[in-house]
Amino acid sequence: TAPGVRHGKRHGKKARLRCGRKALHVNFKELGWDDWIIAPLEYEAYHCDGLCDFPLRSHLEPTNHAIIQTLIHSMDPAAAPPSCCVPTKLTPISILYIDAGNNVVYKQYEDMVVESCGCR
Amino acid sequence: VQQASIPSSPSSSSSSSSSSPAELGSPAKGLRSRKEGKVARGPRESSSARGRQEGTPQDRPPGQPPPQPPHQPPDRWPPQAPGQSPLQPPHQPPGRWPPQAPGQSPPQPPHHQPPHRPPGHSPPRSPGRSPPRPPRQPPDHSSPETPGHSPPRTPGHSPTPSPGRSPPRQPPQSPHRPPGQSPPRSPHESPRRPPGHSPAQSPRQSPPQPPGHPPHRSPPPGPHQHGPPGRSQRVEPHEYMLSIYRTYSIAEKLGINASFFQPSKAANTITSFVDRGRDDLSHRPLGRQKYLFDVSTLSDHEELVGAELRLYRKVAMSSATPGAPPAGGPLHAQPGAPPAGGPLHVQLSPCLSRRVLAARPLDPRRAPPAGWEVFDVWQGLRHQPRRRMLCLELRAPADLRGLGFGRRGRPPRERALLVVFARSQRRNLFAEMREQLGAAAPLSRTTPPSEALPPSEATPPSKPAAQSEASAWGPRRGPRRPR
């Protein structure tokens with residue numbers, strides 16, 4: 001059941017598009033990077049999508065600025081855009097690749113996977 | 001929650017290598033749902049297979065032999081046993097960490113040359129389908145001898161190459177390219193470059209070679225080609241690196257700090273350098289052997305936290321009667337025969353130096369039949385300024401071949417490996433790319449006169465980086481011609 005239907009007062013896609021983590025499957029082969037990346041060839045990166053509408057939920061961990069901006073936007077949409085739905089926590093992944101010198105390198109690349117999203 | 005075997009100590013690390021490809025390919029549910037490490041095949045296996053399937057005579061450059069059928073092991077990529085995944089762990093001797101693949105003899109990749117393509121020209125790609133790539137050449141820099149087949153050589157030839165006469169047959173490739181210009185790529189190469197990865201250089205370019213050596217096995221640059229030729233070699237991932245990846249990726253899924261594992265310490269970047277030295281083909285007893293590593297790609301921004309030299313000790317080529325000391329001492333024994341007697345002390349030191357980095361006794365009779373000997377060479381790499389080549393020398397009072405350190409007939413996976421553990425700071429990947437591109441910008445002056453821009457039309461200093469960056473991240477549409 002969509003949240004809007006569940007609550008009974010929010011309808012339409014706005015309620016369904018609240019800021020949250022969505023699926024984003026990365027396939028390095030499709031990106032054409034499989035000629036230098038040995039492993040992994042694909043992973044789940046996720047992405048953040050949705051609206052940061054008033055009132056902001058606490059699980060979105062909004063900044064004070066985002067709260068103010070969201071409030072202003074709710075009062076006067078022309079005054080400020082809504083705050084942005086962005087990743088708030090990212091985690092690394094290990095990548096085994098071939099560097100410029102034809103050496104096999106293991107590297108832990110930071111901020112490759114979205115763990116949570118929020119309004120900032 | 002899917003369990004994964006994580007070694008808690010170096011001695012138990014073989015469990016990581018025993019993880020099946022299914023473990024690597026399946027996410028650790030409950031902790032993370034990402035599907036990572038889905039490497040059920042080698043990175044280029046499918047491409048090679050496609051190349052074999054789709055490759056037609058007109059697709060191949062002139063003079064290039066047709067693709068090898070899958071049943072021809074010497075030219076297969078990735079080198080693996082039939083039916084074995086590249087990440088499938090081989091049998092590991094107990095007590096060694098990380099697990100290695102002793103005795104594996106992966107076949108040699110084909111020595112094919114990629115077809116010539118003008119720089120910046122990228123083949124059309126369709127999402128979800130990578131174009132077939134030509135088979136790559138192996139990173140084989142040693143003599144191409146095979147067991148039982150030795151090329152003619154002058155007796156008394158220097159057993160190990162000196163820096164002035166370096167064994168690598170590939171010329172030192174300039175890691176830079178004129179900004180805004182795409183590297184020469186084969187029709188199967190990626191149109192994009194990785195983050196934090198120099199887009200001005202192809203990962204499979206020919207490895208460096210001392211000055212004066214002509215490019216080997218590389219197609220001559222075309223009229224639009226600048227800088228180094230396209231990648232003509234294939235890199236075979238070492239089993240040790242694969243095991244490191246397996247271990248760490250599983251640890252990530254389980255939420256374990258990677259620094260838990262030794263000897264990685266706090267390293268987040270582990271680079272492997274394959275020995276580029278050549279074997280001594282003479283029949284003299286080999287009392288010392290040099291190992292050469294091109295460490296020019298080590299970044300100054302990385303803090304070295306460890307380095308080790310891994311030497312694969314093979315089974316002695318001929319058997320000697322145990323307990324029968326050879327006449328005249330160990331070095332006068334028959335070359336290749338395991339020396340008799342007690343333990344022999346082998347020493348590792350920098351070339352042209354008496355400083356011993358590591359030493360250990362090796363008992364030729366009690367030692368395991370084959371396995372990896374690991375020497376800590378961090379002190380040797382740490383106290384010397386960053387240089388291009390690192391030369392280490394192994395000395396023994398006996399014939400090193402008899403101890404199993406001969407290079408002859410070794411597959412790439414059994415070559416000496418220098419593993420450098422580094423800790424790089426958390427940096428913005430764009431900044432990292434920009435930095436590499438900035439370093440590549442001065443080399444734009446090496447552009448041939450036919451395509452060099454006149455001074456009045458020279459690109460501003462900041463623009464090449466932007467162009468190169470754009471070409472690195474976005475699809476290349478073709479060579480841009482200056483107006």
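Worth saying up front: this structure is predicted, and the values here are computed from it rather than measured. Each chain gets a letter, A, B and so on, in the order the sequences are listed, and its residues count up from 1.
Note that the CG atom of A:Leu96 and the OG atom of B:Ser272 stand 8.0 Å from one another [nearest 0.5 Å]. Here the straight-line distance linking atom CG of A:Asn103 with atom CD1 of B:Ile270 works out to 14.0 Å at 0.5 Å rounding. To the nearest 0.5 angstrom, A:Thr91 atom OG1 is 8.0 Å from B:Glu252 atom CD. Rounding to the nearest 0.5 angstrom, the gap separating the OH atom in B:Tyr248 from the OG atom in A:Ser94 is 8.5 Å. Taking NZ of A:Lys107 as the start and CG of B:Asn268 as the end, the distance is 7.0 Å to the nearest 0.5 Å. Note: B:Leu242 CG to A:Ile38 CD1 = 7.0 Å, rounded to the nearest 0.5 Å.
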* Please report the C-alpha distance between A:Val104 and B:His238 in whole Å, then the side-chain angles of each, then the deciding distance to 0.1 Å, and finally whether the side-chain contact (heavy atoms from CB on, under 4.5 Å) criterion is met. => CA-CA 8 Å; A:Val104 178; B:His238 203 278; 5.9 Å; no

* Yes or no on side-chain hydrogen bond (donor to acceptor under 3.5 Å, both in side chains) for A:Asp99 and B:Thr271, after CA distance, side-chain angles and deciding distance? -> CA-CA 9 Å; A:Asp99 71 354; B:Thr271 309; 5.6 Å; no

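Dense packing is recorded around CG of A:Asp76, with more than 12 heavy atoms of other residues, nucleotides or ligands lying under 6.0 Å away. For A:His59, the NE2 atom sits in a packed shell: over 12 heavy atoms of surrounding residues, nucleotides or ligands are nearer than 6.0 Å.
Of all the listed residues (A:Val105, A:Val26, A:Asn27), the one sharing the greatest number of non-hydrogen pairs under 4.5 Å with chain B is A:Val105.
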